[in-house]
Number of protein chains: 2
Amino acid sequence: MPTSRSYWDSCGIARALDVVGERWALLIVRELLLTPQRFSELRQALPNVSSNVLADRLRELENRGVIRHGPADAEGPKVYELTEWGRKLEPIVRALGTWGIDAPQPPEPAALSASSVLIYLEDAARPDPTAPPTVCRLELGGRVWTVRLADGRLQVQAGETTTADASLRAEPKTLSTLLADPSALEKKCDDGSITVVGDLSAIRRLLYAGSGR
Amino acid sequence: MPTSRSYWDSCGIARALDVVGERWALLIVRELLLTPQRFSELRQALPNVSSNVLADRLRELENRGVIRHGPADAEGPKVYELTEWGRKLEPIVRALGTWGIDAPQPPEPAALSASSVLIYLEDAARPDPTAPPTVCRLELGGRVWTVRLADGRLQVQAGETTTADASLRAEPKTLSTLLADPSALEKKCDDGSITVVGDLSAIRRLLYAGSGR
DNA sequence: CCGCATCCGTCGGGATACTG
DNA sequence: CAGTATCCCGACGGATGCGG
């Protein structure tokens, strides 16, 4: 059964927290920022939330108008996705993530979902505006993503693209490590922890952009 | 004893929530946005948090570097105040409040602190840029505040000012009601639920600015 | 297998009383 | 005034069940 407690405070901040302040709620929103996801995908992205709590939160967030539950497109599997109101949380959640960079790392073992790394990548990226436009295909956490570098911006999209300069397959944590130290790219290629197809320098541009140059 | 659970997730968002995601934490931050406050003032502003939980949260937030506990200035009473890092939450908390405006109001009885109304006032205010600069003194929740209207902006400061066009004493909820319907100003004056001294039209400008014109 | 529901143990949080 | 001590309940977390 969903949580029903409230702060009993008419302040907008308190009312916002009545909606998305319960445990795991904002992490679910984080997961849905880039793409709708299924229950099992959310479980994989948030391995530390128990299934009953996840079900509770999803129901709550749906009842309160933050997310929606239904087939995104014709007769696909049922996915959870943000409503228009829920999407307005995006800049807030991203800002919270930027703020949290300065918070201490949790001790191992720590989870790291594909969405987390990609959101970080978008927000931290400072691509060279003079560099050539680049499109990379990413295989991350069992899904395919498209990353576009152009006009001094980095954008992530869920799904395949028709034309990519290169493709990279990695674990989210490995990609995170590479963003902290892009110079380790070749080594990671050699030891097989990542797989690169196509123009390696495109991947290199992505990593250096995502590391803030 | 403070909470020690974690999301065990290296994502910045999760780490931020490890710090300020526990219940009441962000409402404490809200209370400290405008001015440092003492324990008893926080209790009054957050009447629904029990003293032990408040003490726990304050200790946690202090340990994690969000707030500081000490005499703000020479030998005053001990107050809680935001650290530099904690202050970086300000735009996030304000944005959350703006988002929460569209969330349902909690059933009565609902609390409403002076800080809450004043933060809302600052964020919702759209003062007429052509109107004359105005300074109002506010007595709200047992404290004195200074509100300045100038250059199409509204700014709130804690404490007295030397020169004010008018002074208004009210309960936070009453002020909130007036911001929703500024035309009720005279009535509230008459029935004694507020007290105005000085230029009534200055208060009127404040209310209309705070109501988004 | 996916999408939950149920059961149960634990712990965070709420209310009250009390202390330096 | 500024918290602490205590008790209790509900939210949370883990495991398992179970229908589609």
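Residue numbers begin at 1 in each chain, while the letters A, B, ... track the order of the sequences.
Not a single side-chain hydrogen bond (donor to acceptor under 3.5 Å, both in side chains) links Asn48(B) to another residue, sequence neighbours left out. When the salt bridge (charged side-chain N to carboxylate O under 4.0 Å, His left out) test is applied to Arg153(A), no partner is found at least two apart in sequence or on another chain. Applying the salt bridge (charged side-chain N to carboxylate O under 4.0 Å, His left out) test to Arg57(B) and every residue at least two apart in sequence or in another chain returns Glu60(B).
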Every protein N/O within reach of nucleotides 17-20 of chain C N/O, cut-off under 3.5 Å:
none

Tabulate protein N/O versus nucleotide N/O from nucleotides 7-11 of chain C, keeping only pairs under 3.5 Å, one per line.
none

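Sequence neighbours left out, the pairs with a member in residues 88-107 of chain A that pass ring-ring contact (aromatic ring centres under 6.0 Å, His included) are Trp99(A)-Trp85(B). Counting only residues at least two apart or on different chains, the salt bridge (Lys or Arg N to Asp or Glu O under 4.0 Å) pairs with a member in residues 33-48 of chain B are Glu41(B)-Arg143(B). The list of ring-ring contact (aromatic ring centres under 6.0 Å, His included) pairs with a residue in residues 20-51 of chain A, not counting sequence neighbours, reads Trp24(A)-Tyr7(B).
Mapping His69(A) and Tyr7(A) onto DNA chain C by nearest heavy atom places His69(A) closer to the 5' end of the strand.
For residues 12-35 of chain B, proximity to DNA chain D is found at no residue, defined as any non-hydrogen atom under 4.0 angstrom from a strand atom.
Axis angle across the helix from dC1(C)-dG20(D) to dG20(C)-dC1(D), with five pairs used at each end and values rounded to 10°: 30°.
Residue contacts shown for Ser40(B) are limited to sugar-phosphate atoms, with no base heavy atom under 4.0 Å away.
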Pairs under 3.5 angstrom only: tabulate donor-acceptor contacts from the side chains of residues 102-110 of chain A to other protein residues two or more places apart or in another chain.
{"residue": "Gln105(A)", "atom": "OE1", "partner": "Arg15(B)", "partner atom": "NH1", "Å": "3.0"}
{"residue": "Glu108(A)", "atom": "OE1", "partner": "Ala110(A)", "partner atom": "N", "Å": "3.2"}

With a cut-off of 3.5 Å and sequence neighbours excluded, list every side-chain donor-acceptor pair involving residues 87-97 of chain A.
{"residue": "Arg87(A)", "atom": "NH1", "partner": "Glu90(A)", "partner atom": "OE1", "Å": "2.7"}
{"residue": "Arg87(A)", "atom": "NH2", "partner": "Leu33(A)", "partner atom": "O", "Å": "3.3"}
{"residue": "Glu90(A)", "atom": "OE2", "partner": "Arg94(A)", "partner atom": "NE", "Å": "3.0"}
{"residue": "Glu90(A)", "atom": "OE2", "partner": "Arg94(A)", "partner atom": "NH2", "Å": "3.0"}
{"residue": "Arg94(A)", "atom": "NH1", "partner": "Glu122(A)", "partner atom": "OE1", "Å": "3.0"}
{"residue": "Arg94(A)", "atom": "NH1", "partner": "Asp123(A)", "partner atom": "OD1", "Å": "3.0"}
{"residue": "Arg94(A)", "atom": "NH1", "partner": "Asp123(A)", "partner atom": "OD2", "Å": "3.4"}
{"residue": "Arg94(A)", "atom": "NH2", "partner": "Glu122(A)", "partner atom": "OE1", "Å": "2.6"}

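Distances from the side chain of Arg38(B) to the nucleotides dT4(D), dC1(D), dC4(C) place dC1(D) closest.
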